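Report on one structure; see the data block that follows.
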Amino acid sequence: MIWNPKYEMMPRKDLEELQLERLKIQVAKVYEKVPFYRQAFLKKGINPSSIRSLDDLSKLPFTSKQDFRDNYPFGLMTVPMEQVVRLHASSGTTGKPVVAPYTANDIDMWSEVMARTLSSAGMTKYDVMQNAYGYGLFTGGLGFHYGGEKLGATVIPTSAGGTKRQIMLMEDLGTTVITCTPSYSLIIAETALDMGIDLSSLKLKLGVLGAEPWSEQMRQEIETKLPIKAIDIYGLTEIVGPGVSVECPSRCGMHIFEDHFLAEIIDPNTGEQLPYGETGELVLTTLTKEALPVIRFRTKDITSLNVEPCECGRTIVRMAKITGRTDDMLIIRGVNVFPSQIESILLEIEGVEPHYSIIVDRERHMDILEIQVEVSEEVFSDEIRKMEALEKKVQEELESTLGISPNIKLVEPKHIARTVGKAKRVIDHREL
Ligand code: ADP
Ligand code: ZN
């Protein structure tokens with residue numbers, strides 16, 4: 001179902017006109033209200049009147065996570081605090097968090113894009129949505145919550161964690177849709193198995209999963225272990241939270257709600273804009289945000305854009321599944337390795353479970369890559385010889401694709417720590 005056909009199916013020419021009109025207003029606003037932007041514009045020798053067409057977007061300066069940190073907490077805000085009705089913040093695991101203020105109109109816009117998101121995923125007002133994204137400062141919980149209510153569905157705000165209780169409620173309250181991170185969906189599956197509950201005997205049928213990278217192979221694992229169609233959703237705190245883009249039932253890319261978010265792909269090394277179809281770093285500009293408009297935010301997420309018409313009828317651009325981040329690439333003995341590549345290879349191998357850790361260390365100036373991966377109960381209790389054969393197979397598959405030889409450690413089921421939110425799969429002990 002298309003929640004807002006007017007904006008999701010707008011002829012591209014009209015959409016581009018609307019985007020330009022909105023962009024001009026956002027640019028004028030940040031120039032007037034935010035010293036950081038004014039200085040950045042002046043440094044490039046431009047001002048709001050420099051924006052005459054969408055092509056002029058590339059004249060504008062980029063914004064990065066560091067700029068958010070430098071202006072912590074409210075330096076990028078464009079409205080007085082009395083207009084702000086809510087504050088969220090990112091996890092801030094690597095320093096000060098990003099603070100995201102919202103006006104009442106921002107919350108309305110966010111609920112609207114989340115209603116579109118859930119509708120695109122296949123949800124309707126007849127659904128019962130169990131929301132296992134974390135409630136709190138993290139944008140996931142409340143973002144989904146407001147979208148579900150706007151759609152008219154029944155929302156159960158369980159938040160993340162308490163997995164046994166999640167499953168009991170799922171059974172008792174007739175949950176049809178689960179919303180959580182892909183990794184948490186697997187914990188739900190595993191816990192149900194332990195409890196002797198067959199999830200396929202419940203009403204559950206759809207999962208709207210995101211907030212962390214997950215490969216197509218991971219999607220297959222999830223769909224085998226849970227009775228759901230798994231839909232990918234993307235978003236980030238700096239831009240709005242979840243609700244930037246989502247798959248439609250065709251699952252061939254995530255449609256970006258372009259009347260609110262303007263997307264570009266750049267070469268992460270040169271900053272040059274790349275044409276549709278080419279892979280690079282996603283850059284997003286908000287078009288309607290009031291409290292925190294953001295110009296050309298470098299997401300570090302690697303994807304490509306496809307503007308071809310989609311089967312579903314939406315005209316808005318699609319972004320490919322994220323294959324990694326410019327800052328999650330590991331350089332091991334000089335070879336570039338993305339965690340997503342490792343995940344894809346591991347999950348193609350029979351007997352290997354979708355729980356793994358990538359551990360990097362340095363011994364006597366040599367990088368060591370160790371991959372710990374769980375194997376199924378059957379494999380683990382099998383003869384040593386069979387375990388060794390599997391270990392060798394994993395080792396060879398990885399070596400032939402990555403070009404470096406990792407140490408493989410097959411571990412028993414549940415050996416690897418489970419997290420209820422975003423999974424942490426890479427542990428880098430090197431001091432780089
Ligand atoms: P933090 O993790 O710092 O709290 P966010 O929650 O805003 O911040 O995280 C946003 C990031 O999460 C994105 O830039 C992207 O790297 C990742 N992400 C979100 N959704 C997806 C998705 N569907 N696929 C891959 N990565 C995603
Ligand atoms: Zn579509």
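In what follows, residues are counted from 1 in the order of the sequence shown. As the structure is a prediction and not an experimental result, all values here were calculated from the model. Each ligand, and each atom within it, is numbered from 1 in the order the structure gives.
Short contacts between ligand 1 and Phe138, defined as distances under 4.0 Å to a heavy atom of the residue, involve ligand atoms 6 (O). Listed by number with element, the atoms of ligand 1 under 4.0 Å from a non-hydrogen atom of Leu236 are 7 (O), 10 (C). Listed by number with element, the atoms of ligand 1 under 4.0 Å from a non-hydrogen atom of Thr237 are 5 (P), 6 (O), 7 (O), 8 (O). The contact set between ligand 1 and Ser90, taken as ligand atoms under 4.0 Å from a residue heavy atom, comprises 1 (P), 3 (O), 4 (O), 8 (O).
Residue nearest to atom 11 (C) of ligand 1, selected from Lys422, Met319, Met254, Lys65: Lys422 (by heavy-atom distance).
Expressed to the nearest 0.5 Å, how far CD1 of Ile233 lies from CZ of Phe144 amounts to 3.5 Å. How far OG1 of Thr315 is from NZ of Lys13: 13.5 Å, rounded to the nearest 0.5 Å. Here the CD1-OG distance, from Ile222 to Ser183, works out to 8.0 Å after rounding to the nearest 0.5 Å. Rounding to the nearest 0.5 Å places OH of Tyr234 at 3.5 Å from CG of Asp301.
Here the two rings, on Trp110 and Tyr102, have centers that are under 6.0 Å apart.
At a 3.5 angstrom cut-off on N or O pairs, Ile233 counts as close to ligand 1. Taking any N or O of Asp301, backbone or side chain, at least one lies under 3.5 Å from an N or O belonging to ligand 1. Backbone and side-chain nitrogen or oxygen atoms of Asp232 are examined, and one is located within less than 3.5 angstrom of a nitrogen or oxygen of ligand 1. Considering backbone and side-chain N/O of Ala211, one or more are found under 3.5 Å from N/O of ligand 1.
The Zn ion (ligand 2) has no N, O or S atom of Cys252 under 2.8 Å away, backbone or side chain.
Judged purely by atom type and a 3.5 angstrom limit, Glu374 uses its side chain to pair as donor or acceptor with the backbone of Lys414.
Note: angle at the Zn ion (ligand 2), from SG of Cys312 to SG of Cys310, is 110° (rounded to 10 degrees).
Of the residues Thr176, Thr175, Thr179, the one that meets the side chain to side chain donor-acceptor pair (under 3.5 Å) test with Gln130 is Thr175.
Environment of NZ in Lys164: sparse, with no more than 12 heavy atoms of neighbouring residues, nucleotides or ligands closer than 6.0 Å.
Contacts between Arg325 and ligand 1, counted as non-hydrogen atom pairs separated by less than 4.0 Å, involve the side chain only.
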